[in-house]
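It should be emphasised that the depicted structure is a prediction, and the values quoted were computed from it without experimental measurement.
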Amino acid sequence: MIHHHIFKFIRTLSKELEHKKKMSKIFEVVVCLFIVGFGFGNGALEKEEIGIFELKKGEVSLKVTNWGASIVSLVLPDNKGKLNDVVLGYDSIKEYTNDSTYFGATVGRVANRIGGAQFNLNGKHYKLVANEGNNTLHGGSRGFSDVIWKVKKYQKEGPSPIVTFTYHSFDGEQGFPGDVLATVSYILTGKNQLVIIMKAKALNKPTPVNLANHAYWNIGGQNSGNILNEVIQIFGSKITLVDSKLIPTGKFSHVKGTAYDFLKPQIIGSRINQLAETKGYDINYVLDGEKGKKIKLAAKVHDKKSGRVLTLYTNAPGLQFYTGNYIKDVKGKNGYLYKAHAGLCLESQAFPDSVNHPDFPSTIVTKEKAYKHYMLFKFSTKSH
């Protein structure tokens with residue numbers, strides 16, 4: 001039951017994050033979630049029509065679409081109370097269906113890259129759809145970001161506004177084995193907090209699953225220019241080394257003293273010119289976490305001008321940090337033109353190409369072992 005996992009997730013967070021007083025509102029949310037219940041009869045939509053669904057809690061407004069289970073916008077106050085949308089995106093649903101940047105999308109069945117668009121599992125060889133040279137990126141040419149998800153539950157307002165999408169991926173889709181039932185829930189909780197819960201069940205065959213949220217964040221505002229002056233801290237002391245095609249070699253490298261070192265807060269653009277080959281950051285960090293604790297502090301981003309702060313917690317082992325290196329004159333919301341580095345992605349995930357690296361944490365999901373991925377985005381402000 002999804003409410004059981006939410007309870008476990010938030011209960012774990014309460015033990016691991018900051019002080020108990022700061023978590024009291026989350027406990028209130030848990031109680032409300034149980035009261036509301038997760039039997040999907042309340043406001044359930046059965047027709048597979050593309051739409052936009054808004055969640056509202058106080059000043060915060062989240063809009064999502066069931067096309068790719070995607071985030072369309074998130075409106076938050078800055079340190080002066082001014083509201084702005086902090087997610088890159090488009091004005092119309094049609095633009096999302098033609099999108100090639102994965103704006104706001106849920107990517108899968110396997111997020112990130114699979115080298116050679118192939119893997120072996122239980123003695124069988126699987127050939128996937130290659131959509132980035134010889135490799136598979138974000139599930140193939142028609143991954144989870146390019147399909148219509150069913151709306152299972154929708155509650156716009158209240159103590160815990162929520163929308164839940166589901167998608168049944170068929171055996172052989174983009175070359176992947178087995179039927180998979182995937183679920184993505186977006187929930188507004190506490191004060192200025194967004195929880196994303198991704199789950200998947202293998203219905204008949206073992207299969208790799210690695211879902212990620214591909215929102216492009218610009219916490220200064222989606223129309224505020226680039227993110228190069230924002231300050232980021234990433235709680236990962238190693239990266240998974242990659243080749244020229246961004247496929248992991250299987251080796252790890254310590255970030256300390258390199259351009260990838262964000263163990264202490266650093267301005268994103270301060271060393272980005274050292275990464276000429278990729279035109280910026282596009283790398284998986286191995287999140288450190290605390291021993292014995294499932295929930296990890298993954299990253300913090302601070303925009304000095306607006307005062308907004310984004311803090312991400314997750315149970316995933318990795319974090320892909322991408323600085324929108326190849327965005328080029330993309331017409332976004334209200335006609336605003338997005339250029340390179342207009343937003344950044346913080347994709348908590350399994351390690352890329354895990355199916356071809358036995359030493360990486362396994363991404364194989366079976367009927368007995370389901371997939372569960374939790375994210376908590378906490379938004380706050382600083383006066384300076």
Side-chain angles (χ1 to χ4, degrees), residues 1-7 9-10 25-77 81-97 103-106 145 147-167 182-199 213-215 217 219 221-222 308 310 333-334 374-379:
M1 295 288 289
I2 191 170
H3 61 263
H4 172 69
H5 295 297
I6 291 176
F7 178 78
F9 173 50
I10 297 175
K25 290 186 178 180
I26 291 184
F27 275 109
E28 292 172 16
V29 170
V30 174
V31 174
C32 293
L33 286 172
F34 277 108
I35 293 171
V36 171
F38 279 79
F40 298 115
N42 181 10
L45 301 178
E46 295 301 328
K47 292 182 180 179
E48 291 186 48
E49 298 176 354
I50 303 174
I52 290 180
F53 306 86
E54 183 178 21
L55 305 181
K56 286 185 68 69
K57 185 174 175 65
E59 293 183 299
V60 179
S61 169
L62 174 74
K63 289 182 180 178
V64 294
T65 175
N66 58 323
W67 177 264
S70 306
I71 296 177
V72 173
S73 67
L74 181 63
V75 176
L76 296 163
K82 183 182 177 183
L83 297 174
N84 205 344
D85 183 358
V86 297
V87 176
L88 271 57
Y90 304 106
D91 286 326
S92 72
I93 288 291
K94 185 179 179 182
E95 290 169 294
Y96 281 93
T97 64
F103 276 168
T106 295
S145 57
V147 297
I148 303 172
W149 293 57
K150 286 186 177 180
V151 182
K152 197 75 179 273
K153 180 181 178 67
Y154 176 42
Q155 184 173 317
K156 180 178 180 179
E157 296 180 302
S160 53
I162 178 173
V163 62
T164 298
F165 301 122
T166 65
Y167 177 65
T183 305
V184 176
S185 294
Y186 293 101
I187 311 163
L188 294 181
T189 75
K191 183 179 180 182
N192 300 354
Q193 297 179 26
L194 169 63
V195 170
I196 305 176
I197 299 176
M198 297 178 168
K199 299 174 66 184
N213 178 268
H214 209 294
W217 303 98
I219 58 172
Q222 63 89 22
R308 288 191 189 90
L310 179 163
K333 298 169 186 174
N334 299 315
Y374 306 123
M375 289 155 271
L376 170 63
F377 292 87
K378 295 179 68 174
F379 297 92

A.B. asks: Test T164 against T183 for side chain to side chain contact (heavy atoms under 4.5 Å, CB included), laying out the working first.
C.D. replies: CA-CA 7 Å; T164 298; T183 305; 3.5 Å; yes
A.B. asks: Is any side-chain heavy atom of I197 closer than 4.5 Å to one of V184?
C.D. replies: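 Side chain of V184 against side chain of I197, heavy atoms only: no contact under 4.5 Å found.
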A.B. asks: With a 4.5 Å heavy-atom cut-off, do L188 and L62 have their side chains touching?
C.D. replies: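 Touching, per the 4.5 Å side-chain cut-off.
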A.B. asks: Which of parallel (below 30°), tilted (30 to 60°) and perpendicular (above 60°) describes F379 and W217?
C.D. replies: tilted
A.B. asks: Under 4.5 Å between any side-chain heavy atoms of T189 and P159, yes or no?
C.D. replies: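 Result no, sub-4.5 Å side-chain heavy-atom pair not found.
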A.B. asks: Please examine the side chains of L76 and E59, heavy atoms only from C-beta on, and report whether any two atoms are closer than 4.5 Å.
C.D. replies: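 In short, these two side chains do not touch, never coming nearer than 4.5 Å.
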A.B. asks: Strictly distance-based, threshold 3.5 Å: is any side-chain N or O of D91 a donor or acceptor partner for the main-chain N or O of K333?
C.D. replies: no
A.B. asks: Taking the side chain as C-beta and beyond, is there a heavy-atom pair between K57 and L55 under 4.5 Å?
C.D. replies: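 Answer no - side chains too far apart.
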A.B. asks: Show the numbers, then the answer: is there a ring-ring contact (aromatic ring centres under 6.0 Å, His included) between F103 and Y96?
C.D. replies: CA-CA 8 Å; F103 276 168; Y96 281 93; 7.6 Å; no
A.B. asks: If every non-hydrogen atom of Y167 is compared with every non-hydrogen atom of I148, which pair is closest and at what distance?
C.D. replies: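 Result for this residue pair: CD1-O, 3.9 Å.
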A.B. asks: In terms of relative ring orientation, are F53 and Y154 parallel, tilted or perpendicular, with 30° and 60° separating the classes?
C.D. replies: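 Perpendicular, since the angle between the ring planes exceeds 60°.
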A.B. asks: Ignoring hydrogens and angles, tell me if any N or O in the side chain of E95 forms a donor-acceptor pair with the backbone of S92 under 3.5 Å.
C.D. replies: yes
A.B. asks: Does some side-chain heavy atom of N213 sit less than 4.5 Å from a side-chain heavy atom of I71?
C.D. replies: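 Yes - at least one pair of side-chain heavy atoms lies under 4.5 Å apart.
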A.B. asks: Evaluate the side chain to side chain contact (heavy atoms under 4.5 Å, CB included) criterion for residues M198 and T106: first the C-alpha distance (whole Å), next the side-chain angles of each, then the deciding distance (0.1 Å), finally the verdict.
C.D. replies: CA-CA 9 Å; M198 297 178 168; T106 295; 3.9 Å; yes
A.B. asks: Applying the side-chain contact (heavy atoms from CB on, under 4.5 Å) test to V75, which of L83, V60, N84 qualifies?
C.D. replies: L83
A.B. asks: Does E54 reach the side chain of I52, with side-chain heavy atoms less than 4.5 Å apart?
C.D. replies: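 The answer is no; the side chains never approach within 4.5 Å.
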A.B. asks: Do K153 and S185 come within less than 4.5 Å of each other through their side chains, counting heavy atoms only?
C.D. replies: no
A.B. asks: Nearest 0.5 Å, please: how far is OG in S61 from CD in E157?
C.D. replies: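 Between atom CD of E157 and atom OG of S61 there are 9.5 Å.
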A.B. asks: Measure from the side-chain N and O atoms of T65 to the backbone N and O of W67, and report whether any donor-acceptor pair falls under 3.5 Å.
C.D. replies: yes
A.B. asks: Could you state the interatomic distance from CZ (R308) to CD1 (I219), rounded to the nearest 0.5 Å?
C.D. replies: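 Going from the CZ atom of R308 to the CD1 atom of I219 covers 8.0 Å.
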A.B. asks: Is the backbone of G158 close enough, under 3.5 Å, to the side chain of K56 for a donor and an acceptor to pair up by distance?
C.D. replies: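 Absent.
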A.B. asks: Check the orientation of Y186 and F165. Use parallel for under 30°, tilted for 30 to 60°, and perpendicular for over 60°.
C.D. replies: perpendicular
